[in-house]
Amino acid sequence: MEHKLHIYNTLSRKKELFVPLHEPNVGLYVCGPTVYGDAHLGHARPAITFDILFRYMKQLGYKVRYVRNITDVGHLENDADSGEDKIAKKARLDQLEPMEVVQFYLNRYHKAMDALNVLPPSIEPHASGHIIEQIEFIQKIFDAGFAYESEGSVYFDVEKYNQSHHYGKLSGRNIDELLETTRDLDGQSEKRRSVDFALWKKASPEHILRWPSPWSEGFPGWHLECSAMGTKYLGEEFDIHGGGMDLIFPHHECEISQSTAALGKETVKYWMHNNMITINGQKMGKSLGNFITLEEFFTGNHALLEKAYSPMTIRFFILQAQYRSTVDFSNEALIAAEKGLQRLSEAYNRLQKLTGSTETTVDVKGLLSRCEEAMLDDLNTPIAIAHLFEAAKSINTIYDGKATINEADLIELKNVFKLIVEDWLGLEMETAEGQSNSGSAYKAAVDLLLEIRQEAKANKDWATADKIRNQLAAAGFEIKDGKDRVEWSLK
RNA sequence: GGUUCCUUGGCCGAGUGGCUAGGCACCGGUCUGCAAAACCGUCUACGGCGGUUCGAAUCCGCCAGGAACCUCCA
């Protein structure tokens with residue numbers, strides 16, 4: 001494949017040229033949500049980041065298998081009810097079956113992702129559907145000598161692993177440090193070292209979600225599902241593993257250890273991590289209770305929100321920052337994003353109406369290659385967007401009659417603009433003349449009203465002209481008077 | 001306390017040694033019956049101190065402030 005896509009590999013802390021293991025196939029695994037609550041703005045970041053990667057790699061001609069898991073077992077609650085599965089706990093409080101809770105939130109997650117125009121992954125495996133694979137995986141680690149059983153639970157022997165491998169290579173930690181700084185947790189006494197992590201946990205009596213295993217009735221440790229499902233669907237070695245930066249340690253570090261211990265080789269070639277979304281400078285997250293759900297953004301129903309923000313505004317807002325930098329939430333920033341997106345939408349609509357001339361007097365030729373360059377450089381979407389704004393400026397200038405474009409360049413510009421906006425960035429532009437499904441009869445009616453208004457204006461009948469404008473505005477239309485034409489759109 | 005990272009104009013946010021992204025806001029102008037929209041223009045920033053260099057937002061050091069991880073987390 002003739003390109004030079006560079007992606008930042010957390011493992012090397014450098015941008016690296018992407019070379020797939022089995023061209024043209026690419027295996028991509030991304031840590032998905034834990035479905036015991038509604039998705040918040042933070043969840044949108046990895047979903048959109050890796051959606052961009054997924055889309056762009058397909059553009060480059062790769063055949064991508066994108067696996068994004070659903071975590072529905074195994075995460076331990078760190079409170080008074082320690083040991084109880086998060087899903088199980090919520091289920092008991094709600095008097096629902098655990099899988100009912102999972103399905104409920106999963107449906108809502110899918111709805112939110114759909115609204116954000118995030119493409120569904122190729123495979124969306126549930127951890128609960130891969131208990132057998134996880135047990136087999138533990139067995140392999142056992143056979144390799146890196147696991148031990150203690151009172152029905154199984155732990156990974158980090159110290160032993162570290163003698164022959166480097167535990168901490170991804171997160172840049174070393175085991176001695178960890179031994180000093182690891183907190184005492186429940187069940188610590190069962191473990192040989194505080195740094196050891198659970199592969200299998202014996203279920204306590206009140207624990208609802210439990211499965212039989214060679215060691216006890218219980219449930220898998222929370223790092224295991226990704227190792228088991230990733231290798232099941234993408235092979236023992238695959239290209240890219242992604243997720244939020246907060247997962248680097250311990251989750252991804254443990255994944256590396258487990259997979260390397262079980263399979264005797266490194267599984268993942270490129271580790272990619274998106275940065276956090278912050279609110280007042282702090283990470284938006286469950287533990288801090290400072291998150292705003294995506295639905296709340298879409299409806300505006302939250303004390304911190306001044307208004308509702310459309311899914312596309314959220315998507316655009318996230319894409320205006322490079323995925324490895326933090327992005328701080330504020331109403332001001334979101335409103336700026338909303339207006340910027342509107343500007344692009346208008347230019348896009350105008351582009352459809354432009355007519356070719358004999359000469360091109362604007363510089364629109366390089367748009368594709370400039371955006372390509374940005375995307376190839378570790379998915380630099382803000383740069384690509386900046387180029388789109390420059391193109392928008394050219395489009396507006398032509399529309400205003402102050403520049404011209406020839407037929408061939410116009411066709412190319414239309415194609416390229418659409419390609420980048422819709423296919424690469426996944427932004428749905430608001431189509432002109434109201435929403436596309438609204439029907440031509442209704443469009444004709446609005447056009448007629450505006451025609452009458454133009455006549456009224458010609459007769460200096462301002463009362464009639466303003467009445468039409470104001471009533472249409474009250475009904476939700478935006479009327480834009482140009483020099484010698486009128487545009488309208490439905491707000 | 002340990003590890004890693006960040007600090008850019010009113011706000012957001014690119015940029016890793018010279019060619020001063022982009023968006024939003026503000027202000028001025030064009031257009032308009034008025035308004036909105038649109039267009040054009042203006043505003044030239046890089047936490048502080050020191051160093052390297054012909055030249056630093058960009059490299060090095062120190063200081064200040066902030067964040068993430070070290071416990072479930074996207």
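Every chain is numbered from 1 and lettered A, B, ... according to where its sequence line falls, protein lines coming before strand lines.
- Using a 4.0 Å heavy-atom criterion, one finds that Gly42(A) contacts the bases of the nucleic acid, with or without backbone contacts as well.
- Counting distance only, with no hydrogens placed and no angle test, the side-chain atoms of Asn275(A) and the base atoms of rA68(B) include no donor-acceptor pair under 3.5 Å.
- Which of rU71(B), rA74(B), rU4(B) sits closest to the side chain of Arg13(A) comes down to rU4(B).
- When heavy atoms are screened at a 4.0 angstrom cut-off, Ile385(A) is found touching no nucleic acid atom at all.
- For the pair Thr278(A) and rA68(B), the criterion of a side-chain N or O lying under 4.0 Å from OP1 or OP2 is not met.
- At the heavy-atom level, Lys460(A) lies nowhere under 4.0 Å from the strands shown.
- Counting any heavy atom pair closer than 4.0 Å across all strands shown, His273(A) reaches no nucleic acid atom.
- Met245(A) comes within contact range of no nucleotide atom at all, as no heavy-atom separation falls under 4.0 Å.
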(request) List the protein contact pattern of nucleotides 6-19 of chain B with one symbol per nucleotide (5' to 3'): B for base contact, S for sugar-phosphate-only contact, - for none; contact means a heavy-atom distance under 4.0 Å. (result) -----S-SSS----

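- At the heavy-atom level, Ile277(A) lies under 4.0 Å from base atoms of the strands shown.
- In terms of phosphate contacts, Lys339(A) brings a side-chain nitrogen or oxygen within less than 4.0 Å of OP1 or OP2 of rA25(B).
- For Tyr167(A) and Phe156(A), the ring centers sit 6.0 Å or farther from each other.
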Could you go over nucleotides 38-47 of chain B and give all protein N or O partners under 3.5 Å, atom names and distances?
unit_1  : atom_1 : unit_2    : atom_2 : d
rC39(B) : OP1    : Arg343(A) : NH1    : 3.3
rC39(B) : OP1    : Asn396(A) : ND2    : 2.1
rC39(B) : OP2    : Arg343(A) : NH1    : 3.1

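- Nucleotide rA25(B) holds its C1' atom 15 Å from the CG atom of Leu334(A), rounded to whole Å.
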(request) Determine which bases of RNA chain B form Watson-Crick or G-U wobble pairs with both distances under 3.5 Å, and write the result as a 5' to 3' dot-bracket string with | for other-strand partners. (result) (((((((..(((.....[...)))..((((.......)))).....(((((..]....))))))))))))....

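- Comparing the same atom, C1', in rG15(B) and in rA64(B) gives a spacing of 25 Å after rounding to whole Å.
- Counting to the nearest Å, the C1' atom of rC70(B) and the CG atom of Leu247(A) are 14 Å from each other.
- Rounded to whole Å, the separation between the P atoms of rG51(B) and rU58(B) comes to 14 Å.
- The P atoms of rC11(B) and rU16(B) are separated by 23 Å, rounded to the nearest whole Å.
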